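Remember, it's 1-based here, ligands and their atoms both numbered in the order they're listed. Quick caveat: nothing in here was measured; it's all calculated off a predicted structure.
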Amino acid sequence: MEKQEFLKRYLTDRRGTYCSKWDGLEEKFGESDLVGMWIADMEFQTCDGITEALMERVKHGIYGYSFVPEDYYRVFSDWMERRYHLPIPREWVRFSTGCVTGIAWMIHAFTEPGDSCMILTPVYYPFHNVVTNNHRNLVTVPLDYDGHGYFTMNYEAIEAAIVEHQVKMLIQCSPHNPAGRVWTEEELDRVLSICEKHHVLVVSDEIHQDLVIGDHPFVPAAAVSGGRYRDMVVTLNSASKTFNLATLIHSHILISNEELRKTYDAFAAGLNRTEVSLMGMLAAKAGYETGEDWLEGLLAVVKDNYAYVKETLNRELPRLTVCAMEGTYLALLDLRAYVDPEQVEEFVQGRCRLGVDYGEWFGAEYRGFIRVNLATDPAYVEQAVNHLIQGVKALKTI
Ligand SMILES: Cc1ncc(COP(=O)(O)O)c(C=O)c1O
């Protein structure tokens, strides 16, 4: 679908719907008159196929206990095969009520209190909390930052930390939020081979898999090098970022290794309840069946929004770094050349009137970065960029 048609059909005002992004500004930032550029959901209605599937169920009016039909597994596997050459056998698939919940369950199923779990920072902040809140030892290894907006993995540091802390689990973010990287197969091969060497289980959060705008494809960890590492990987993914379904709380846990599956299933048997979300399941199925054209339209919007941010800020504020965004719809901006990192919040919220995610939420050393959500109306993107330009110009530091 063309970008203009997508915007015309799906761009929607969300105010007054209890949405965190706008209606939650006051609670999050203490002010409600900010341009909402934070959190990771979209200003767009989901695709028609999903809305129709949900409407049909709403009309039926019964939300009782349900099961996942065989069709679901086929439709999901077809999506994974069509897009990533990774058909998913039915027996690999388990469900959770969100990818972060999935991470928590993996931590409980496969590690003990006090075990070390590693994350590569800056990374989505619940990755930090889910480890510490579950009383595991959090090991953070910074990504390498080249000073020009590009993050890479530091393999030596990763291996050294694994050895030093006897790391049991790497919680990987792929594509990476907020670094914006879509890891190449070669990069994944290197990190996975280190984990293989040291018997580290990899939990790969691939929730952003379908949101790729760069020039190389997303490769699932389970497909790297022809599937060589798949038995040491648990993959978490869902249709929730792809089709804007976060609160329908329906995600996948994919486990190819039979032993790991048994361990997980034994753990899951002790959980109070692991029903699937009926509406989440119906929505994901309809998305995988009918949503590809919608997704093309979304990606066209995100790609153009990113190009606009990059071109405009590069031109107007040449020392502000717009980090690479090969995937996700979350762009990281490094403001440190213009604004004292200690004053970024005062500058961005106080002066520029923006509600954003701050770099230090993702890792203490990233104070001075902000993350902006580009799955939104181009008019908001323009407004946010203009506010930043005017704000910096008013500082008279250029
Ligand atoms: C990498 C990553 N994982 C998980 C989530 C949240 O997923 P869920 O709502 O399914 O827990 C997000 C949301 O931004 C994310 O960026």
Only distances under 3.5 Å count here; give the side-chain donor-acceptor pairs of residues 339-349 to other protein atoms, sequence neighbours excluded, each with its distance to 0.1 Å.
residue: D340; atom: OD1; partner: E342; partner atom: N; Å: 3.0
residue: Q349; atom: NE2; partner: F29; partner atom: O; Å: 2.8
residue: Q349; atom: NE2; partner: E31; partner atom: OE1; Å: 2.7

Sub-3.5 Å pairs, protein N or O with ligand 1 N or O:
residue: ligand 1; atom: 3 (N); partner: D205; partner atom: OD2; Å: 2.6
residue: ligand 1; atom: 10 (O); partner: C99; partner atom: N; Å: 2.7
residue: ligand 1; atom: 11 (O); partner: C99; partner atom: N; Å: 3.2
residue: ligand 1; atom: 11 (O); partner: V100; partner atom: N; Å: 3.0
residue: ligand 1; atom: 14 (O); partner: K241; partner atom: NZ; Å: 3.1
residue: ligand 1; atom: 16 (O); partner: N177; partner atom: ND2; Å: 2.7
residue: ligand 1; atom: 16 (O); partner: H208; partner atom: NE2; Å: 2.8

* To do: Would you kindly say whether D48 and Y10 are connected by a side-chain donor-acceptor distance under 3.5 Å?
  => yes
* How would you list, by chain and number, every residue that makes a side chain to side chain contact (heavy atoms under 4.5 Å, CB included) with A40, sequence neighbours excluded? -> K241, Y329, L330, R371
* Could you tell me which residues satisfy side chain to side chain contact (heavy atoms under 4.5 Å, CB included) with E382, sequence neighbours excluded, listed by chain and number? => Y308, N386
* **Contact check, side chains of I171 and D205, non-hydrogen atoms, under 4.5 Å** => no
* Taking atom CD of E258 as the centre, does the number of heavy atoms from other residues, nucleotides or ligands within less than 6.0 Å exceed 12? -> no
